Amino acid sequence: MESQGGDSQIRRKACEECRRLKLKCDRSLKTNSLKLHETITEMSSRILQLEEALASLQAQVSTDVHPLLTDDSVKIPLAPKPHAPEKVATEEETDIIDTLGAFSIGEKGEVIFHEATATSEYLLEVVWTGRHSFITENQRNLSLPPDLILLSALFPFPPETVTTHIDDLIHLMPDFDTALNLVNIYFPYSSWCQEPIPREEFMRRIFNECYPNGAIPTTLQHLSSHKLSVLFMVFALGALMDVNRPLCSVEAEEYHILARACLCIEPVYETSSLHSVQAMHLMIWYYTLAATRRTNGYRLAIWGVVIRLSQAIGLHHDTSKLKLEASDAKLREVVHWEVICMDFWQSFVIGRPSSMSFSTSQCKRPYDLKAIPENPVEAQAVAWFAWKHDYTHLLHGVVEQAFRSKGTTYSQILTLDQKLRNHPAPSILWWPPSQEALLEKLRHSPPLAMQCYMRLNLQESSLLHLHRRFFMQAIRANPTDPFQHHFGPSVRFVFSSACAMICGLWAIYHSHALVVRRFPIAWSHGFSAAIVLSSLVISAPTCVLAPPALKELDRACALFRENEHISLQPPNSRSILEDMQRKAYIAMNLHMPISDATTEKLGGVYPNKTVSKTGTGNSESTTSLDQMLLQVDSEHWRMYATLSSTPTGDHDLSEQDDAIQVDIAPEEPSTELSNWESFIHGLRR
C-alpha cells in the first residue's frame with residue numbers, strides 16, 4: 001500500500017508536459033527530450049508561417065500551386081498542437097445559445113414548435129387566425145365543374161375510383177393567344193426567383209406538345225397528365241402576376257385547381273416523374289405568392305411529398321453517372337437545386353429543420369458562381385440562380401452550427417457573421433454606387449431589379465435572424481447603452497440589416513410598385529425589419545440608434561399604410577406596426593420631448609402627446625453617436641446623415657391603376673428617394 005502511494009506521489013511530481021509525452025522528469029531541470037520537443041514545436045510553427053507567406057506570394061503571380069507546396073514536397077510531419085483549454089460559455093451566452101425556440105398552443109390544444117429562426121410574419125400568422133383571404137372569396141365564384149373541384153380537394157391522395165380522364169380537361173384550356181400571354185407574364189415576373197423549368201425546356205417539352213400547330217388539340221391521350229399540370233401551374237402563376245387582373249384572381253385559382261386535378265388523374269405516389277416534381281414545386285411557389293392560399297402546416301405537408309418524389313426519382317444523385325443526354329442532365333440539376341434551396345428557405349422562415357441535407361446531395365450545381373458570363377444578357381440568366389444556390393449552401397451550414405449545435409459561443413456567431421457578410425455576389429447583382437446608375441438599373445429590367453433586391457434582402461435577412469436573439473438580450477439587459485453588453489455588436493448588426501431591408505423595399509417599390517404589391521415576400525421581410533426597429537426604440541429609447549430607428553419605422557409604416565388594401569401584406573401588419581409605432585413614440589417621449597409638428601405629421605397615429613422632462617435623451621449613455629459611426633462604417637453613416645434630412649412623413653405614393661399592360665415602362669421613382677436608394681449600397685453592396 002505504501003509503495004503504491006509513493007509511486008502515485010512521484011507521478012504527481014512530474015510536470016504536465018512530461019506526463020503527456022511519457023517522459024521522466026525531476027521538476028528541477030527540463031529534460032533534453034522536452035527541450036527538443038519545444039524546439040520542434042517552434043520550428044513547425046515557423047514552417048507553417050513560411051508556407052502561408054509563400055502561398056500568398058504564389059497566388060499573386062500564378063494560379064498554379066508552388067512546387068514546394070505540393071503534397072509530394074511537404075513530407076515533414078508537424079508536431080502535434082498542444083491541447084487548448086475548452087472555453088466555457090458565460091452565463092449570458094448559455095441563456096441565449098441553449099434556447100430551443102418557442103411553442104405555440106392553440107385553443108384546442110394543438111401544439112406548434114418554432115425554432116429561433118422563425119420570422120416575425122410567420123409567428124404573426126400563427127397568432128392571428130382571422131386573416132383576410134382573397135382565395136376564400138374567389139372560391140365562391142369558381143366556374144369549374146364540381147367534380148373537378150372535388151378531385152382537386154382530394155390531392156395528393158385521390159381514391160382509386162377516379163373516373164376523370166385527361167381529355168376531360170381540353171375544353172378548360174385557354175386559347176393559344178391567352179396561353180402564350182400567360183407564359184410571357186410568368187417567365188419574366190415569376191420565374192426570376194424560382195425556376196424549376198427553364199423557358200426553353202418548357203416551350204419544347206410542354207407548351208408545344210399541349211398546343212401543337214398553335215391550337216388546342218382534339219386529344220391529349222399521348223400526353224402525361226403531369227405535364228399538363230406543369231402547364232396549368234405556369235398559367236396560374238402568370239395570372240397571379242398579371243397586373244390586369246385583381247390580386248389573387250379567380251382565374252389563377254382555377255388554373256391551380258386544374259393542376260391539382262391533373263396530378264390526381266395519374267396519382268403521384270404511383271407514377272412519380274420529373275414533371276410531377278416541377279408541378280408541385282410551382283404549386284408551393286403559388287401558395288407563397290398567393291400569401292393566403294393555405295396554412296404553413298398544409299404547405300409543409302405538400303412539400304414533404306415533393307421531397308419524397310424527388311428522392312424517388314434520384315434527383316440527388318450525380319448526373320454524370322446516369323449516362324443522360326446533356327439537356328436532360330442539366331434539367332435534373334436545375335430541378336434538384338431549386339428544390340433543395342426552396343426546402344431550406346421554407347424551413348428557415350418557419351423555424352423547422354430542413355427535410356433535405358446538402359451533405360447527402362451528390363448532384364452538382366447547374367451554374368458556377370465563379371464562371372458568370374461577361375455578356376450582360378447571359379449573366380442575367382444565370383447570376384441570380386448561381387448566387388442563390390451557393391449562398392443557400394453556405395447559410396445551411398451556418399444555421400446548423402448557430403441554431404442546432406451544442407456549445408456554440410458568441411465569438412463563433414461573429415465568425416459565422418463574417419462568412420455570410422463576405423460572401424461574394426456577381427457584379428450584375430450589386431447595387432450601383434451612384435444614384436443615377438442605381439435608378440437606371442432598377443428601371444431598366446424589372447426581373448433584374450427584383451433579383452438585385454432579393455440578393456440584398458436574403459443576405460440582410462439571414463444576418464438579422466442570426467443576431468436577433470442576441471440583439472434582444474442586449475437591449476433588455478442594458479437598455480441605456482446596449483453596446484456595453486457582451487452582445488453589443490449584434491445591436492449594430494441588426495440595426496444595419498433592418499435599415500437595409502426597409503430601404504431596399506422602399507427603393508424597389510418606387511421603381512416597380514405593381515410587381516412589388518404582388519410579391520408578399522418583400523412585405524414579409526419589411527415587416528420583420530420594422531418589428532425589430534420598433535423593439536429597439538421601445539426597449540432602449542435612450543440608445544443612440546433609437547432616433548434613426550424611429551425614422552425608419554415611420555417610413556415603413558407609411559409604406560404599409562398606403563398599400564394595405566392593394567398589396568399582399570402579412571395579415572394585420574399595418575395595425576400592428578402602427579401600434580408599435582405609437583408605443584415607440586410614447587417610449588421616446590419619456591426621455592426626449594416630441595414637438596407639435598412631429599405629432600401633427602403622424603396624422604393621428606400618436607394623438608395623445610404627454611411630454612415628460614424626466615430625461616434628456618442620451619445623457620446617461622456611455623457610447624456616443626460619433627463612436628457608433630466609427631464602429632460601424634463612417635462612409636455608411638455619412639450617407640445616413642444626408643438621408644436624415646429628407647422628410648420622414650407620408651410620401652406622395654400616388655395610386656396607380658392596376659388595369660395597365662405588363663410591358664409598360666416602369667414607374668418613375670420619386671426624386672425624394674434618391675438618397676434612400678444610394679444608402680442601400682452604402683449599408684452593404
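Values in this document were obtained by computation on a predicted structure and should not be read as measured data.
Of all non-hydrogen atoms in E333 and T319, the two that sit nearest each other are OE2-OG1, 2.6 Å. Between V335 and P196, the closest heavy-atom pair is CG2-O, 3.1 Å. Looking at every heavy atom in both residues, L172 comes nearest to P145 through CD1-CD, 4.3 Å. When every heavy atom of D343 is checked against every heavy atom of S354, the shortest pair comes out as OD2-CB, 3.4 Å. Nearest heavy atoms, P520 versus T288: CG-O, 3.2 Å.
Atom CD of E270 has more than 12 heavy atoms from other residues, nucleotides or ligands within 6.0 Å. Within a 6.0 Å sphere centred on CD of Q221, other residues, nucleotides and ligands contribute more than 12 heavy atoms. Within a 6.0 Å sphere centred on CG of N213, other residues, nucleotides and ligands contribute 12 heavy atoms or fewer. Other residues, nucleotides and ligands contribute more than 12 heavy atoms inside 6.0 Å of the CZ atom of R204.
To the nearest 0.5 Å, the span separating CD1 on I206 from NE2 on H226 amounts to 12.0 Å. To the nearest 0.5 angstrom, I185 atom CD1 is 4.5 Å from N181 atom CG. In this structure, M454 CE and S461 OG are separated by 8.5 Å, a value rounded to the nearest 0.5 Å. Taken to the nearest 0.5 Å, the CD1 atom of I149 stands 9.5 Å off from the CG atom of L258. How far CD of Q459 is from OG of S497: 9.0 Å, rounded to the nearest 0.5 Å. I307 contributes atom CD1, which lies 8.0 Å from atom CD1 of I340 (distance to the nearest 0.5 angstrom).
Between the side chains of S143 and E254, at least one donor N or O sits under 3.5 Å from an acceptor N or O. Between the side chains of Y391 and S462, at least one donor N or O sits under 3.5 Å from an acceptor N or O.
Residues H525 and L505 are not in side-chain contact: their nearest non-hydrogen atoms beyond the backbone lie 4.5 Å or more apart. With contacts defined as side-chain heavy-atom distances shorter than 4.5 Å, the pair F207/M203 qualifies. Residues S310 and H336 have side chains not in contact (no heavy-atom distance under 4.5 Å, counting atoms from C-beta outward). Side-chain contact between L448 and C452 is present, with at least one heavy-atom pair separated by less than 4.5 Å. Looking at M173 and L220, their side chains come closer than 4.5 Å, going by heavy atoms from C-beta outward. Contact of the C262 side chain with the F155 side chain is not registered, since no non-hydrogen atoms from C-beta on lie closer than 4.5 Å. Annotation: side chain of P158 is in contact with side chain of Y269 (closest heavy-atom distance under 4.5 Å). Side-chain contact check for Q451 versus I428: every heavy-atom pair is 4.5 Å or farther apart.
Between the side chain of E338 and the backbone N or O of E195, at least one donor-acceptor pair lies under 3.5 Å. Distance alone, capped at 3.5 Å, is enough to place a donor-acceptor pair between the N375 side chain and the E378 backbone. Remark: the backbone N or O of S225 is not paired with any side-chain donor or acceptor of S229 at under 3.5 angstrom. The main-chain N or O of H389 is never found under 3.5 Å from a side-chain atom of T392 such that the two would form a donor-acceptor pair. When atom types are taken as modelled, the side chain of R332 and the backbone of C363 share no donor-acceptor pair closer than 3.5 angstrom. Q569 places a side-chain N or O within donor-acceptor distance of the main-chain N or O of N563, the cut-off being under 3.5 Å. Judged by distance alone, the side chain of K388 and the main-chain N or O of C193 form a donor-acceptor pair under 3.5 Å. Judged by distance alone, with hydrogens and angles left aside, the side-chain atoms of W430 form a donor-acceptor pair with the main-chain N or O of A425 at under 3.5 Å. Of the possible donor and acceptor atoms, one in the side chain of D168 sits under 3.5 Å from a partner among the backbone N and O of H165. Using modelled atom types, no side-chain atom of T360 and backbone atom of M356 make a donor-acceptor pair closer than 3.5 Å.
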Worked check of side chain to side chain contact (heavy atoms under 4.5 Å, CB included) between V234 and L182
CA-CA 8 Å; V234 168; L182 291 173; over 6 Å; no
Full working for side chain to side chain contact (heavy atoms under 4.5 Å, CB included) between M233 and L263:
CA-CA 11 Å; M233 279 314 307; L263 295 180; over 6 Å; no
Stepwise side chain to side chain contact (heavy atoms under 4.5 Å, CB included) check, R518 with V243:
CA-CA 9 Å; R518 296 170 180 267; V243 297; 3.9 Å; yes
With side chain to side chain donor-acceptor pair (under 3.5 Å) as the criterion, how do H275 and Q278 come out once you've worked through the C-alpha distance, each side chain's angles and the decisive distance to 0.1 Å?
CA-CA 5 Å; H275 298 299; Q278 292 171 324; 3.2 Å; yes
Can you check side chain to side chain contact (heavy atoms under 4.5 Å, CB included) on L142 and V250, steps first, answer last?
CA-CA 7 Å; L142 296 175; V250 177; 4.1 Å; yes
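For the side-chain contact (heavy atoms from CB on, under 4.5 Å) test, residues two or more places apart in sequence or in another chain that qualify with V382 are Y367, I372, P373. Evaluation of the side-chain hydrogen bond (donor to acceptor under 3.5 Å, both in side chains) rule for H316 yields no partner, not counting sequence neighbours. Every residue two or more places apart in sequence or in another chain that forms a side-chain hydrogen bond (donor to acceptor under 3.5 Å, both in side chains) with W285 is listed here: S190.
A salt bridge links R205 to D328: at least one charged side-chain nitrogen sits closer than 4.0 Å to a carboxylate oxygen.
Each of F187, F519, Y186 was checked for a ring-ring contact (aromatic ring centres under 6.0 Å, His included) with W192, and the lone residue meeting it is F519. Of the candidates F358, F344, F385, F358 is the only one forming a ring-ring contact (aromatic ring centres under 6.0 Å, His included) with W337.
Checked against a 6.0 Å centroid threshold, the rings of W345 and F348 count as neighbours.
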